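Written out below as structure tokens is the structure these notes cover.
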Amino acid sequence: MADSDTFIPALHTPSALLPIARHRDALLYTIETNPVTILIGPTGSGKTTQLPQYLEQAGWCSDGKIIAVTQATATTIATRVAAETGTSLGQKVGYSIRFEDVTSAATKIKFLTDGLLLREALVDPLLSRYSVIMVDEAHERSLSSDVLLGILKKIRKKRPKLRIVVSSATLQAEEFLRFFAGDDAGDDQATGSIGRIVSIEGRAFPVDIHYLSEPCEEYLERAVQTVFDIHASEPEGDILIFLPGRDDIETAIEKIVDHIPSLSAKADKLLPLPLYAGLMTEQQLYVFEPAPEATRKVICATNIAEASVTIAGITHVIDPGYVKLRVYNPTTGIDTLTPTPISRASATQRAGRAGRTKPGKCYRLYTEAAYTHTMPETTVPDIQRSDLAPLVLQLKALGIDNLARFDFLSPPPAELLVRALELLYALGALDDYAKLTKPLGTRVAELGIEPMLAKALLSSPDFGCVNEMLSIAAMLQASGQGSGVWFSHDNKTAEEKARRFFAVEEGDHLTLLNVYQAFVTKGKQEAKWCQKHYLNFKTLSRAVRIRNQLRRALERFGIVVTDPAADVGVLKAGGLPIQTRILRSLTSGFFPHAARMQADGTFRAVGGQSGKGSRGEDGGGGAAMVMHAHPSSLMFNRKAEWVVFGEVVEMRGKVYIREVSRVERGWLGELGGGYYSIR
DNA sequence: GCCTGGACA
């Protein structure tokens with residue numbers, strides 16, 4: 001990802017001058033003679049853009065096979081490589097991402113996301129179209145790239161001619177090689193014959209690292225002070241501060257603004273700017289614009305600036321040493337989002353951001369002793385701290401039934417796998433032998449949305465609300481990852497008013513449906529209308545596309561999707577109101593996420609049995625966790641009794657539920673498939 | 001009284 005340089009075409013170097021050019025022949029020889037090549041190539045080495053071209057020139061596509069490169073920014077890289085080869089995009093060089101397949105019969109080099117390549121393995125288990133598969137930035141250890149490596153290791157045994165290239169940071173290269181080599185009973189001798197590690201130099205400038213001599217308690221205060229110290233004594237060049245989240249960013253900016261009047265009138269100006277995923281696009285673009293004359297930019301960013309987004313002109317990095325990490329607790333089923341000390345690998349990556357255009361400096365707001373002795377070498381990979389239900393589904397769909405024997409790069413804790421299996425069993429997606437049920441389990445896997453939501457959607461024909469559930473599912477899938485349905489705004493009252501405009505008494509799901517229907521009807525699919533209502537145009541457009549994809553999937557399953565029913569609120573002849581039918585359909589998927597409101601307005605989870613004997617209605621006798629409706633939920637300071645919810649997140653010691661809707665107590669027993677003993 | 005970051009026929 002670091003190679004993408006998305007917003008700074010001026011930095012592109014003629015390809016012949018890139019460091020990798022020197023290694024061309026050696027690299028091709030290594031790949032020719034080794035099934036697996038681990039490529040250590042830092043930012044700016046040209047590995048992602050050049051290596052696929054070398055391979056193509058060397059004849060790796062001559063027998064009709066093609067080269068795959070998995071990359072998070074497939075679009076950008078493909079565009080650049082197509083330009084370099086002087087061909088138009090989708091011809092020799094193409095890309096494939098979720099909603100766009102820009103490839104053709106002529107395509108020889110295909111950039112795609114690792115998730116998509118995994119999807120292809122469902123249809124073509126040996127990925128036989130490809131002669132070389134390059135897994136780029138594998139050290140980032142995303143769920144899907146970890147699974148992909150496991151699958152590739154299996155495939156390699158059946159396809160000796162396949163070549164695998166794994167690009168990695170220095171720290172993890174040995175681990176990747178050991179993984180591919182360590183076959184039967186950890187045979188270290190095999191390492192040499194399976195693969196090689198090749199290292200190419202980057203194009204980065206040196207970065208001076210400064211540590212604190214004493215640990216500091218107020219990193220925010222200290223970061224702001226450091227900004228002004230730099231500004232007073234260092235030559236021109238922009239500053240990048242890594243902060244854990246949005247509120248820290250906003251506070252930091254306020255503090256900087258407060259201090260600005262203390263600068264002398266003759267001094268250069270300071271321009272603090274925020275950068276995080278939830279910002280509106282236009283606001284995000286400010287950080288890429290050159291600062292005005294005699295002004296120094298101070299970019300206060302989340303981890304988005306560590307690898308995903310590159311900003312030109314940064315010469316000073318301030319690193320307080322924290323990141324917000326999502327960790328799933330398999331015992332409680334709760335995700336926690338906590339500021340956590342970063343790893344040394346992460347610290348190195350952050351420092352490197354100061355040396356992209358000229359020599360730079362990095363100020364670490366921790367001691368060298370902390371760096372050496374207390375910070376972990378690498379971050380715990382996703383696979384060891386996530387809800388694994390989606391992963392289990394995917395592996396089962398690929399025919400890997402014995403998860404205990406699957407070759408994981410880093411095996412997940414058993415509790416995580418057990419929890420995932422229990423949930424999928426409760427939903428009816430797995431049978432007593434932990435095999436995918438037919439048709440439900442295979443369909444849940446194929447939909448590729450989170451399992452509870454998939455179950456709710458697949459149940460919707462029984463309740464006569466397929467159309468509505470399609471829209472709700474699309475809205476839920478489209479939001480998240482920083483891009484919410486609504487924008488948060490400085491003007492809180494206006495924001496609240498905008499939310500209330502679409503509010504539906506029954507809860508967040510019907511409210512989302514309401515927003516979706518308003519967006520697509522009355523010809524309102526436009527940015528202006530969204531702006532007026534504080535809605536995120538990008539998220540809603542995405543929802544429309546996701547809905548189409550889901551609808552096509554349902555049609556493949558033979559589920560009839562009729563034309564959208566009339567407005568919400570219309571009674572179906574002789575049946576229940578549409579709202580009730582939707583809520584019942586939701587309950588049939590989200591029953592494991594049920595809660596009851598207490599007199600004080602907080603919620604308690606309703607304990608399910610999940611194979612361990614039935615529990616009562618209020619959490620099985622134990623002290624149930626106190627949960628709060630998330631402030632973004634409609635149920636925040638509203639009355640309800642029984643509810644289902646989408647997710648639970650713990651932040652700052654408080655547990656929040658999001659996407660909350662009212663249900664009836666009896667439905668949990670009726671639709672919960674025996675999960676609850678309540679009637 | 002609020003969500004780190006990616007992504008899926």
Side-chain angles (χ1 to χ4, degrees), chain A residues 1 4 70-75 96-101 112-124 136-137 140-145 147-148 242-250 275-279 301-309 322-327 335-340 342 346 349 379 382 385-386 390-391 393-394 397 445-450 454 477-489 492 495-496 499 542 545-546 548-556 601 628-633 636-637 647 649-652 654-659:
Chain A
M1 258 190 297
S4 59
T70 72
Q71 237 286 340
T73 52
T75 322
S96 196
I97 57 174
R98 182 163 188 180
F99 295 114
E100 265 178 285
D101 182 17
L112 74 176
T113 56
D114 36 26
L116 250 186
L117 190 58
L118 272 176
R119 288 255 156 194
E120 285 189 9
L122 287 174
V123 187
D124 176 10
D136 208 3
E137 312 291 353
E140 287 184 8
R141 302 297 306 271
S142 72
L143 258 180
S144 46
S145 87
V147 178
L148 183 59
F242 285 99
L243 293 167
R246 203 181 79 190
D247 36 326
D248 269 355
I249 290 173
E250 281 165 6
L275 177 65
Y276 50 88
L279 277 180
T302 59
N303 229 28
I304 192 172
E306 188 179 298
S308 308
V309 164
Y322 291 94
V323 68
K324 268 191 195 174
L325 215 58
R326 191 183 270 271
V327 178
D335 265 321
T336 51
L337 201 59
T338 324
T340 311
I342 59 169
S346 196
Q349 176 72 22
T379 309
D382 277 353
R385 54 183 171 85
S386 305
L391 173 128
L393 275 172
Q394 191 157 39
E446 192 177 337
L447 278 176
I449 60 181
E450 56 162 310
Q477 280 300 115
S479 52
Q481 72 198 42
S483 63
V485 171
W486 277 276
F487 283 117
S488 71
H489 199 271
K492 290 291 166 198
E495 187 187 329
E496 277 304 305
R499 280 168 184 266
R542 208 178 135 75
R545 292 194 289 179
I546 293 177
N548 282 329
Q549 224 171 50
L550 294 173
R551 180 174 50 75
R552 282 198 300 276
L554 292 193
E555 284 166 355
R556 275 200 307 279
H628 305 262
H630 191 276
S632 69
S633 167
F636 182 73
N637 69 36
E647 54 174 344
V649 185
E650 183 183 331
M651 288 172 286
R652 294 177 189 160
K654 273 184 109 173
V655 180
Y656 296 98
I657 53 178
R658 302 166 58 89
E659 298 103 36

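First the proteins, then the strands, lettered A, B, ... as listed; each starts at 1. Remember, predicted model here, so these are calculated numbers, not experimental data.
At a threshold of 4.0 angstrom between heavy atoms, the contacts of V123(A) include nucleobase atoms, whether or not backbone atoms are also involved. Contact annotation for G448(A): base contact, defined as any heavy-atom pair under 4.0 Å involving a base atom. Within 4.0 Å (heavy atoms only), N637(A) reaches no atom of the nucleic acid at all. Within the 4.0 angstrom heavy-atom criterion, only backbone atoms of the sugar-phosphate kind lie near T302(A); the bases stay farther away. Note on L325(A): nothing from the nucleic acid sits closer than 4.0 angstrom, heavy atoms only. No contact: S144(A) has no heavy atom under 4.0 Å from any strand. Within the nucleic acid shown, I97(A) comes within 4.0 Å of sugar-phosphate atoms alone, with no base atom in reach, counting heavy atoms only.
L243(A) CG to I249(A) CD1: the interatomic distance, rounded to the nearest 0.5 Å, is 5.5 Å. With values rounded to the nearest 0.5 angstrom, D335(A) atom CG is found 7.0 Å from E647(A) atom CD. Residue S145(A) holds its OG atom at 11.5 Å from CD of Q71(A), rounded to the nearest 0.5 Å.
Under the 3.5 Å distance criterion, with hydrogens and angles disregarded, no donor-acceptor pair is assigned to the side chains of T70(A) and D114(A).
With rounding to whole Å, I546(A) atom CD1 is found 10 Å from dA9(B) atom P. For the pair L143(A) CG and dA7(B) P, the computed distance is 14 Å after rounding to whole Å. Between the CD atom of E647(A) and the P atom of dT4(B) there is a distance of 13 Å, rounded to whole Å. Atoms CG (D114(A)) and P (dG6(B)) sit 14 Å apart, rounded to a whole Å. Atom CG of D247(A) is separated from atom C1' of dG1(B) by 11 Å (rounded to the nearest Å). dG6(B) atom C1' lies 15 Å from atom CG of L148(A), rounded to whole Å. Whole-Å rounding puts the Q349(A) CD to dG6(B) P distance at 14 Å.
Applying the ring-ring contact (aromatic ring centres under 6.0 Å, His included) test to Y656(A) and every residue at least two apart in sequence or in another chain returns H630(A). For N548(A), the side-chain hydrogen bond (donor to acceptor under 3.5 Å, both in side chains) partners are R551(A), not counting sequence neighbours.
Side-chain atoms of A277(A) lie closest to dG5(B) of the nucleotides dG5(B), dT4(B), dA9(B). Closest to the side chain of Y656(A), from the set dC2(B), dA9(B), dT4(B), is dC2(B). Of the candidate nucleotides dA9(B), dT4(B), dG1(B), dA9(B) has the atom nearest to the side chain of L116(A). Of the candidate nucleotides dG5(B), dA9(B), dG1(B), dA9(B) has the atom nearest to the side chain of Q549(A).
Taking the nucleotide of DNA chain B with the nearest heavy atom to each of Q394(A) and P244(A), the more 5' of the two is matched to P244(A).
Under 4.0 angstrom from either OP1 or OP2 of dG5(B) there lies no side-chain N or O belonging to K324(A). Regarding contacts with the backbone of dC2(B), a side-chain N or O of R652(A) is found under 4.0 angstrom from either OP1 or OP2.
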